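Structure first, then comments.
Lettering of chains follows the sequences in order, A, B, ..., and the numbering in each one begins at 1. All values reported here derive from a predicted model rather than from experimental measurement. Quick note: numbers below take in every heavy atom, side chains included, and nothing from hydrogens, waters or symmetry partners.
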Amino acid sequence: MPLSMSGRKIVITRDDASVAFDTDEGLFTAFDFFEGSLVLPQRQAVSDENGPQTVIDVNIDHAIGSCHPNADTCIGMMRSTWTGIDESVFGSVWTQTCGSYLDMIGFVGQDGDSIANADRYLAPRAFGFYTFRAAGGSFWMNERVAIRAWRPGSPATWTFTRNQCTIDYRIYVGLYV
Amino acid sequence: MTSTMKLKLDKAGKLAIYEVDDAAVDDDPFDDPINNVARLRFHSDLRYPSVIDVRTGTANFAAVGYQQRSVQVATLFAHGLGGTPMVMGQCTLDGYTVPLGGSVPHQISSTGGGFGRWFKLTADVTNVYLRMFAVTPWNTGLASPINAMSVDWKVYVTDFTAEGPAPGLGSDTRHVRMDYHRITARRGAFDTDKAYFRSGTGAGTFPVCKGPTMDCQGFTNPYGNITALPWRFKVNGYVQGVNSYTGAIDAPFTAVKLE
């Protein structure tokens, strides 16, 4: 375990010569730790073939807390759990938070509505994902949801729902120093 | 300014490494690390998630025919820990090294509404998994079905778990230990036998994203129109999505070494 200290640089290498620490590199340093849950309300689009067609377009930053003003990286875990019928993409499983998490994707006819077979899986009608972010001293989760309830043929009225869901998280927020 | 790295350890066991001006040596980063991050390199009062295991392998997924929603779960390995660990990972898709952060699309029908497959790295108290979700269109006029596929993966298991108390000090009776083979600090919470998230360049790095990897522009039409939902995923040159997207998503990331 050589510890090398030479003026501008301190390096620690392991017995196999791999680097354990080097002051010339950035080391992810967690200045804040957040643990909790966000409850996201139901999102629902309703369509009438001969009337109004609602389109849901949610792009909301859910504030969680304050963090170091230079923090820009969120390294941790999250899971999404829907209330009632869970039609989420991956179900309620723990996963890590570096990137956008797809929770919902829906296509016409995927849920067994009685439309002509040729129309099943014809076109998209729902897309939803979440992203944890840190910048400017704030930490938040962005909810991006787009839903339309369009379906070809009768009955004329149709709804498409993303149930209320709970986002559990345990996340370090920090930066490479 | 001519600078030098300073390592300081006090009687209470606080250890820090920081940059100082040769002409005006101070201990501000030691005393107040939060407000002196520009000169800080390490401080035992702060937290450093670490990697305790690295595994590689190949996961196999079956083909998916038309008009289906399909979830396939590949069990990658048993992690042997007492909780659900945070796992980081990367895989090779279409020749790109793609981080398994968030959800990763593949074989998306760019002109056919966004059908395709998505990968997700997950863990529970026993195993680490690579999950594949696929949704396929009604006929060949929209997109190809999902092919059978093998995915080469690399997974980093961290010491950070979903259960238990918030991460804190280690349980070592000594604040700092230094011997020929190992250095520990923060009562063992920082340990050179583990690997940490280090930014770097070149071989051995992979992108760890620090922002959105996807963007969606909402429905452009409440009716029909298979291209009515423009979205795109982009990380480190790897792009998936729908051609009607007109935005500029390109995920910010840090090239990181985890070994």
Side-chain angles (χ1 to χ4, degrees), chain A residues 1 3 5 7-10 12 14-15 18 20-23 25-31 33 35 47 53 55 57 68 70 72-77 89-90 93-96 98-102 105 107 110 118 120-124 127 129 131 133 142 144 146 148 150 170 172 175-177, chain B residues 3-5 7 17 34 37 40-42 46-49 67 69 84 86-88 99 101-103 113-114 118 120-123 131 133 135-138 162 166-167 180-183 192 196-200 208-214 216 218-219 222-226 228-229 231 254 259:
Chain A
M1 176 58 67
L3 169 61
M5 305 176 72
R8 283 241 346 113
K9 188 177 173 81
I10 295 177
I12 302 171
R14 305 185 185 93
D15 292 346
S18 63
F21 177 83
D22 184 339
T23 53
E25 300 172 334
L27 180 65
F28 177 75
T29 304
F31 288 89
F33 177 74
E35 180 177 28
S47 292
Q53 310 285 322
V55 174
D57 192 11
H68 191 283
N70 299 111
D72 61 2
T73 302
C74 314
I75 292 180
M77 287 179 283
V89 173
F90 292 104
V93 292
W94 283 104
T95 187
Q96 54 104 335
C98 301
S100 300
Y101 175 86
L102 181 76
I105 187 166
F107 288 83
Q110 68 173 35
R120 294 169 64 81
Y121 292 81
L122 174 67
F127 198 68
F129 58 91
T131 310
R133 302 283 315 270
N142 176 263
R144 184 74 181 95
R148 64 177 181 176
W150 173 76
R170 282 169 71 91
Y172 289 111
L175 62 150
Y176 294 84
V177 303
Chain B
S3 61
T4 300
M5 286 298 162
L7 186 155
I17 298 171
I34 290 175
V37 294
L40 191 68
R41 298 297 181 271
F42 174 80
L46 302 173
R47 289 177 280 211
Y48 300 89
Q67 288 189 330
R69 279 170 68 96
T84 303
M86 181 181 78
V87 287
M88 310 289 288
S103 306
W118 297 75
K120 181 92 211 133
L121 182 66
T122 70
R131 296 172 188 267
F133 168 85
V135 57
T136 52
W138 68 291
Y180 188 75
H181 298 285
R182 187 178 190 185
I183 298 173
T192 54
Y196 294 86
F197 290 70
R198 297 151 44 221
S199 64
V208 173
C209 295
K210 53 184 180 180
T213 49
M214 281 192 284
C216 171
F219 280 100
Y223 311 98
N225 188 356
I226 59 171
L229 182 63
W231 65 268
T254 303
E259 296 179 56

How many angstroms lie between atom CD1 of B/Ile17 and atom OG1 of A/Thr23, to the nearest 0.5 angstrom?
7.5 Å
Spacing of B/Lys210 atom NZ and A/Leu175 atom CG [to the nearest 0.5 Å]:
9.0 Å
Where does A/Arg170 contact chain B at under 4.5 Å (heavy atoms): side chain, backbone, both or neither?
both
Will you find, in the side chains of B/Thr192 and A/Arg14, an N or O donor that is under 3.5 Å from an N or O acceptor?
no
At a 4.5 Å cut-off on heavy atoms, which part of A/Phe33 comes close to chain B: side chain, backbone, both, or neither?
both
Toward chain A, the part of B/Val87 with a non-hydrogen atom under 4.5 Å
backbone
Please classify the contact between A/Ser18 and chain B as side chain, backbone, both or neither, with a heavy-atom cut-off of under 4.5 Å.
neither
Side chain / backbone / both / neither for A/Val89 at chain B, heavy atoms under 4.5 Å:
both
At what distance, to the nearest 0.5 angstrom, does OH of A/Tyr172 lie from CG of B/Leu46?
11.5 Å
Rounded to the nearest 0.5 Å, the OG atom of B/Ser199 sits from the CD atom of A/Glu25 at a distance of 7.0 Å
Chain B contact via A/Thr131 - side chain, backbone, both or neither, heavy atoms under 4.5 Å:
side chain
Nearest heavy atoms of B/Leu229 and A/Pro124, plus distance in Å:
CB-CG, 4.1 Å
Can you tell me how far the CZ atom of B/Arg131 sits from the OG1 atom of A/Thr95, to the nearest 0.5 Å?
9.5 Å
Gap separating the CD1 atom of A/Ile75 from the CZ atom of B/Arg47, nearest 0.5 angstrom:
13.5 Å
Using non-hydrogen atoms only, which part of B/Thr122 is less than 4.5 Å away from chain A: side chain, backbone, both, or neither?
both
For B/Ile34, is it the side chain, the backbone, both or neither that has a heavy atom under 4.5 Å from a heavy atom of chain A?
both
Aromatic rings A/Phe21 and B/Phe42: how do their planes relate, parallel, tilted or perpendicular, breaks at 30° and 60°?
perpendicular
For chain A, find which of B/Ala228, B/Ala123, B/Pro99 contributes the most heavy-atom pairs closer than 4.5 angstrom.
B/Ala123
Which pair of non-hydrogen atoms, one from B/Cys216 and one from A/Phe129, has the smallest distance, and what is that distance?
CB-CE2, 3.8 Å
Considering only heavy atoms, which portion of A/Val93 lies under 4.5 Å from any heavy atom of chain B: side chain, backbone, both, or neither?
side chain
How far apart are the C-alpha atoms of A/Phe28 and B/Tyr196, what are their side-chain angles, what is the distance that settles it, and do they pass the side-chain contact (heavy atoms from CB on, under 4.5 Å) test?
CA-CA 7 Å; A/Phe28 177 75; B/Tyr196 294 86; over 6 Å; no
Does the A/Arg8 side chain pair with the main chain of B/Thr4, one donor and one acceptor, at a distance under 3.5 Å?
no
Closest approach of A/Lys9 to B/Met5 (non-hydrogen atoms, all atoms of both residues):
N-CG, 3.9 Å
A/Asn70 versus chain B, the contacting section by heavy-atom distance below 4.5 Å:
side chain
Could you walk me through whether A/Tyr101 and B/Lys120 pass the side-chain contact (heavy atoms from CB on, under 4.5 Å) test, one step at a time?
CA-CA 9 Å; A/Tyr101 175 86; B/Lys120 181 92 211 133; 3.3 Å; yes
